[in-house]
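Chain identifiers are assigned alphabetically (A, B, ...) following the order of the sequence lines, protein sequences preceding nucleic acid strands; residue numbering begins at 1 within each chain. No experiment lies behind these values; they were computed from the predicted model shown.
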Protein chains: 2
Amino acid sequence: MQEIFAQKKKSPYIADKVLRNPKNNIVMVLSKACIYGIQAAIYVASVKDVGYVSIQEISEKLNISFHFLTKVLQQLTQAGILNSYRGPKGGVALAKQSEHISLYNVIAAIDGTDIFTECMLGLPGCGIATPCPAHDSWAEMRSKLFTICHRTTLRDLAEKANQYNVRLANLPLTV
Amino acid sequence: MQEIFAQKKKSPYIADKVLRNPKNNIVMVLSKACIYGIQAAIYVASVKDVGYVSIQEISEKLNISFHFLTKVLQQLTQAGILNSYRGPKGGVALAKQSEHISLYNVIAAIDGTDIFTECMLGLPGCGIATPCPAHDSWAEMRSKLFTICHRTTLRDLAEKANQYNVRLANLPLTV
DNA sequence: AAGATTTAACCCTACTTTGTCTTAAATTAT
DNA sequence: ATAATTTAAGACAAAGTAGGGTTAAATCTT
Ligand code: SF4
Ligand code: SF4
């Protein structure tokens, strides 16, 4: 027996402009602030010279707004991931060895840990007594994300960056 | 031999208010529009009666803004996931059998497919010639997300919803 | 001590997303 | 036909995110 849906004929009306503007179509898992933070952290970790790297240099190399990046890196500083120092020859530097800073640490410092623990469907207080039907799938996803971000360290990323001279910046490709 | 970082003493200055407001701390993988769309789609799929379900009913049951939900569901209608019908006894209904509509379909219709294909670090044109150091990890994540969203159908979700009388709405918990 | 440099803090602007409301169009019921 | 119902469309407001500048504080150089 076949399931029956709505049998009436469909309304001919077609909308042409509904919700999103056509230009903006990127759905982000991480905020821009977080992305910048990760990029900058990898950059700092990949710089060979010991010492402080100025935010100006980072923002130029990675093509990130200086003032915005400054605020983002302040968060990493407050989280104990970076040390900052003012004045000439100042800047930021890793507060710990790069292999002791995970992607998770950086994300947690900027976007928080909700992405790892909270429901991606936006329902509060879940998984306790009345899990919603999507729970298992999302829980699996979260677990995967958690594992990946935990085991990936800045050293891993910086190493690869140096090794392959890989690009971190959001610059136009030099085709 | 131990690696050396910045050896100078740390600036004692601690900022108290930097970027985000304390109230806003939920980082979302999916937009609210998308979450609403998923919830509504599951609701429609879980309704036993054949026929159109009014958006008014959905918005009340799921505690979602009626007008906003209307726009979201228009997107699903235009994507061929729902049929809509105006007038008394009108509303929306699944355009296909619930087991033929995946979570992926719904997400793609509302938030687009970038989350499955594009870089989560926000860099364009990736993975081709010069993958960034985080590529492998993210690619693994994307693949996982893709698989889960593809194999999870509205029927799976609606079945669970009916079976366990599980909550879909963002309502205060009746503790 | 004075000046230059660099992060910290704060204010403000532009854009996106979310949410509200009003009117128009389609459809049913009377 | 008329009225009621319900989606479609579009204008608009509120809130959040990204970004830009200006001043203050810390620190080094001279
Ligand atoms: S049960 Fe799981 S998937 Fe469902 S709303 Fe709660 S956390 Fe989200
Ligand atoms: S190489 Fe992969 S992780 Fe890196 S920017 Fe490109 S898509 Fe993203």
Side-chain angles (χ1 to χ4, degrees), chain A residues 6 8-28 30-37 51-59 63-78 82-93 110-111 122, chain B residues 6 8-28 30-37 51-59 63-78 82-93 110-111 122:
Chain A
K8 308 167 189 179
K9 68 179 191 296
K10 192 176 163 188
S11 294
Y13 218 93
I14 302 289
D16 51 350
K17 207 172 74 177
V18 190
L19 259 179
R20 304 212 163 188
N21 296 359
K23 48 181 176 182
N24 142 41
N25 53 0
I26 293 190
V27 174
M28 275 181 301
L30 304 175
S31 69
K32 282 230 175 180
C34 193
I35 290 168
Y36 294 163
Y52 287 90
V53 185
S54 84
I55 299 177
Q56 190 69 53
E57 173 187 337
I58 303 172
S59 77
N63 199 33
I64 300 171
S65 149
F66 168 72
H67 290 289
F68 193 61
L69 183 59
T70 293
K71 291 171 204 168
V72 172
L73 295 189
Q74 268 181 64
Q75 293 185 293
L76 294 184
T77 299
Q78 287 164 46
L82 296 179
N83 284 332
S84 70
Y85 207 72
R86 302 186 194 186
K89 297 281 179 185
V92 294
I110 299 173
D111 272 352
Chain B
K8 308 167 186 178
K9 70 179 188 296
K10 189 177 162 189
S11 294
Y13 218 92
I14 302 290
D16 52 347
K17 206 171 72 175
V18 191
L19 256 181
R20 306 211 162 188
N21 295 359
K23 48 180 174 179
N24 143 39
N25 52 1
I26 292 189
V27 175
M28 275 182 302
L30 304 175
S31 70
K32 282 228 175 183
C34 192
I35 290 166
Y36 293 162
Y52 288 90
V53 185
S54 84
I55 300 177
Q56 189 69 54
E57 173 187 336
I58 303 172
S59 77
N63 199 32
I64 301 171
S65 151
F66 168 72
H67 290 289
F68 193 61
L69 181 59
T70 292
K71 289 174 203 167
V72 172
L73 295 190
Q74 269 181 66
Q75 294 187 293
L76 294 185
T77 300
Q78 287 164 46
L82 297 179
N83 284 333
S84 69
Y85 207 71
R86 303 186 193 186
K89 297 283 179 183
V92 294
I110 299 173
D111 273 353

Shortest non-hydrogen pair, A/D111 vs A/C34, comes out as OD2-CB, 3.2 Å

Against the side chain of A/S54, the closest entry in C/dT7, D/dT27, D/dG20 is C/dT7

Check this one for me: any side-chain N or O of B/S84 less than 4.0 Å away from OP1 or OP2 of D/dA8?
yes

Heavy-atom closest pair (B/S59 atom, B/S65 atom, distance to 0.1 Å) is CB-C, 4.4 Å

Picking from D/dA18, D/dA25, D/dT7, the nucleotide nearest the side-chain atoms of A/R86 would be D/dA25

A/F66 atom CZ is separated from C/dA8 atom C1', nearest whole Å, by 10 Å

Enumerate the protein-to-nucleotides 21-23 of chain C contacts in which both atoms are nitrogen or oxygen and the separation is below 3.5 Å.
| from | atom 1 | to | atom 2 | distance (Å) |
| --- | --- | --- | --- | --- |
| C/dC21 | N4 | B/H67 | ND1 | 3.2 |

Rounded to whole Å, the NZ-P distance (B/K32 to D/dA14) equals 18 Å

Subject >> pair A/F66-A/Q56: side-chain heavy atoms closer than 4.5 Å >> reply: yes

B/Y52 atom OH is separated from C/dT27 atom P, nearest whole Å, by 10 Å

side-chain N/O A/Y85 vs C/dT5 OP1/OP2, d < 4.0 Å: no

Rounded to whole Å, CD of B/Q56 lies from C1' of D/dA8 at a distance of 15 Å

Nearest heavy-atom approach of A/G51 to A/A93 is O-CB, 3.7 Å

Using OP1 and OP2 only, check whether a side-chain N or O of A/T70 sits under 4.0 Å from C/dT7.
no

From CD of B/Q75 across to P of D/dG10 the rounded distance in Å is 14 Å

Inset, instruction - Answer yes or no: is there a side-chain heavy-atom contact under 4.5 Å between B/I58 and B/I64? - result: no

Does A/N83 reach the side chain of A/Y52, with side-chain heavy atoms less than 4.5 Å apart?
yes

Atom CD of A/Q74 and atom C1' of D/dA25 are separated, to the nearest Å, by 12 Å

Here the distance between atom P of D/dT17 and atom CD1 of A/I35, to the nearest Å, is 14 Å

Distance test, side-chain N/O of A/Y36 to OP1/OP2 of D/dG19, below 4.0 Å = yes

In this structure, OG1 of B/T70 is separated from CD1 of B/I55 (nearest 0.5 Å) by 4.0 Å

Heavy-atom nearest nucleotide on DNA chain D taken for A/G87 and for A/I64; more 5' hit belongs to A/I64

Rounded to whole Å, CD of B/E57 lies from P of D/dT6 at a distance of 10 Å

With the side chain defined as heavy atoms from C-beta on, A/P88 is closest, among D/dG20, C/dA29, C/dT5, to C/dT5

